[in-house]
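What follows is a set of notes on a single structure, which appears directly below.
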Amino acid sequence: MTELNTLGLAEARDLLRKGETTSVELTEACLKAIEDAGALNAFVHKTPEIAMERAQAADTRIKAGDAPAMCGLPVGIKDLFCTKGVESQAASAILEGFKPEYESTVSQQLADAGAVMLGKLNMDEFAMGSSNETSTYGNVVNPWRRGNDDAPLTPGGSSGGSASAVAADLCLAAIGTDTGGSIRQPAAFTGITGIKPTYGRCSRWGIIAFASSLDQAGPMTKSVHDAAIMLEAMCGHDPKDSTSADLAVPDFEAMLTGDIKGKKIGIPREYRMEGMPAEIEQLWADGTEMLKAAGAEIVDISLPHTKYALPAYYVIAPAEASSNLARYDGVRYGHRAQLAQGDGITEMYEKTRAEGFGHEVQRRVMIGTYVLSAGFYDAYYNRARRVRTLIKKDFEDVFAQGIDAILTPATPSAAFGLGEMTDADPVQMYLNDVFTVTVNLAGLPGISVPAGLDKQGLPLGLQLIGRPWEEGDLLNTAYALEAAAGFVAKAGKWW
Ligand code: GLN
């Protein structure tokens, strides 16, 4: 029999319901895999007692014929989600030892649906980064390696722990968050599926805030089918989050027919970036052919403001972050610096924030404070907001022309080596999100599907962008693409 931890959500759920395995067995298999995978540094707070308790409760529920969507399925939770009584640190030293008194809505909904929490997953500090190298816990390692080369690679970021854990079968699925690409880019770097839903689809309550107008939670899974199951359990209206939409949650799983005949798929010419590797171009062309062969109509489209997306994002996201992170002052939560005789409250703030925040977070706070300052507010922040409106309008225009979904590469490269970009200009790192940030700025749903391998044997992903609130349709198009791409490769186990 296949090892239980290698199963996806759909397969494990069916086995559980048929009585062919138990949640306790699934959970034990995952806990063992986690113990063996210390080298990946994916799980940073393990919760085996909670996991076993929930697994036993799930088995009792299943025996009683009450098996909700995620019942008995072991999953990992990004450290950005507040989990009651369990460390929730956003991978930052400033939140050292913080154990919330409350549970985030998304993780609560998963628990209510019977999911088993295995522990908290590593990430970039406050979700700022694309390589998981800004974490206070140290970087995550990608289970994939290049050909015969042992050099450790990044799993991407900021949800790098979630991506690595799912790709290495330490859990059946995980949750991530995506502010500018943090679900889709790591999914692409590790050969898994990741969807960022429409802004407002999932509650942000209890998720440590980075940039509130962009942040969304989403599933990171081994298949599109699993993403549909998990998304349905995670999302829905929450009165505790005023930006969560009061809309019914469709049965996403039932919408997976694989039939995309007559769907109009847009190929945006502005995403053909200069200097893009030939392999990425090829993957994109192959994906286009696959959707065409499945009966979709391919349409060339234009999203003219694309080139302004990254600069606008790197004004808006730091602006919101500088405001959100003002609460970490050494007074209320986490770390407080050791003070010297005569230090006052200003010294306490300064020392605490200097010690508690890493360099990337400090950089963002400084940029954010600058673009919001009286003299520069109009020149930067207001201008970026206007650009954001234009980017959103680009998408509205193509959807008004009847486009159902847009196909693009997920990332401009495959996973890169850890440390390779640390000395580079930070803008090099920011370029990782060139294809994904537009989607957050416009509040749209986007999914990354593994679609091929590069010549060094590393996974590459394609992104599909959908109409707002039409995750069901988007998942179905992704399902067709997944079937056509037939991506089955796994990282060879070296850890
Ligand atoms: N890499 C981007 C950033 O550093 C996006 C991060 C995210 O989506 N959380 O801001």
Side-chain angles (χ1 to χ4, degrees), residues 78 80-81 104-106 109 126-128 158-159 175-185 187 194-220 227 230-250 252 303 305-306 309-310 312-321 323-324 384-399 405-406 408 410 433 435-448 463-475 478:
K78 187 177 182 180
L80 202 63
F81 292 81
S104 79
T105 297
V106 162
Q109 282 187 202
F126 283 105
M128 297 173 192
S158 67
S159 310
I175 44 177
T177 61
D178 190 313
T179 303
S182 280
I183 287 176
R184 292 160 288 158
Q185 183 253 19
I195 178 167
K196 180 202 90 74
T198 313
Y199 182 80
R201 190 52 112 172
C202 284
S203 169
R204 290 181 296 105
W205 195 83
I207 302 177
I208 297 170
F210 164 11
S212 308
S213 77
L214 300 159
D215 299 342
Q216 266 294 292
M220 301 178 72
M230 196 167 182
L231 182 62
E232 195 177 324
M234 288 168 65
C235 64
H237 180 237
D238 177 9
K240 288 189 286 201
D241 172 5
S242 61
T243 61
S244 96
D246 195 357
L247 287 175
V249 178
F252 294 130
L303 297 166
H305 297 92
T306 301
L310 214 48
Y313 172 86
Y314 276 98
V315 170
I316 293 169
E320 294 186 19
S323 163
N324 275 324
R385 289 204 308 162
R386 283 202 293 273
V387 170
R388 180 179 190 174
T389 305
L390 293 172
I391 289 166
K392 187 155 181 274
K393 187 167 174 301
D394 284 352
F395 284 105
E396 284 163 2
D397 289 347
V398 299
F399 291 139
I406 297 164
T408 78
D433 302 308
F435 301 133
T436 49
V437 290
T438 51
V439 179
N440 301 73
L441 289 168
L444 300 172
I447 184 166
S448 171
Q463 171 178 240
L464 282 161
I465 305 168
R467 295 163 171 268
W469 312 113
E470 295 193 13
E471 290 88 353
D473 198 52
L474 178 66
L475 283 159

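- Within the 4.5 Å cutoff, the side chain of P468 has heavy atoms near those of the F399 side chain.
- Smallest separation of non-hydrogen atoms from Y199 and W469: O-CH2, 3.3 Å.
- The shortest non-hydrogen separation linking I195 to A227 is CG2-CB, 4.2 Å.
- Remark: side-chain polar atoms of T389 are paired, donor with acceptor, to backbone N or O of R385 under 3.5 angstrom.
- Counting only distance, with no hydrogens or angles, the side chain of D241 and the backbone of S203 share no donor-acceptor pair below 3.5 Å.
- Between the E471 side chain and the P197 main chain, no donor and acceptor come within less than 3.5 Å of each other.
- Listed for the D246 side chain is no donor-acceptor partner under 3.5 Å among the backbone atoms of H237.
- Here the straight-line distance linking atom CD1 of I207 with atom CD1 of I175 works out to 7.5 Å at 0.5 Å rounding.
- Formation of a donor-acceptor pair under 3.5 Å by the Q109 side chain with backbone atoms of C235 is found in this model.
- Under a 3.5 Å cut-off, the side chain of S104 and the backbone N or O of G206 do not form any donor-acceptor pair.
- Scanning all heavy atoms of the two residues, the minimum distance from I316 to S213 falls at CG2-OG, 4.3 Å.
- Put simply, the side chain of Q463 never gets that close to the backbone of R184: no donor and acceptor are under 3.5 Å apart.
- If you check the side chains of N324 and S212, you find a donor sitting under 3.5 Å from an acceptor.
- Taken from NZ in K392 to CD in E396, the straight-line distance is 4.5 Å, to the nearest 0.5 Å.
- Side-chain N/O atoms of K78 and T177 include a donor and acceptor closer than 3.5 Å.
- Counting only N and O atoms by type, the side chains of T436 and Q185 include no donor and acceptor under 3.5 Å apart.
- Side-chain atoms of R204 never come within 3.5 Å of backbone atoms of A209 as a donor-acceptor pair (strictly under, hydrogens ignored).
- Rounding to the nearest 0.5 angstrom, the gap separating the CG atom in L441 from the CG atom in L390 is 11.5 Å.
- Partner of N440 under the side chain to side chain donor-acceptor pair (under 3.5 Å) criterion, chosen from D215, D178, T179: D178.
- The nearest pair of heavy atoms linking F435 to T438 is O-OG1, 3.9 Å.
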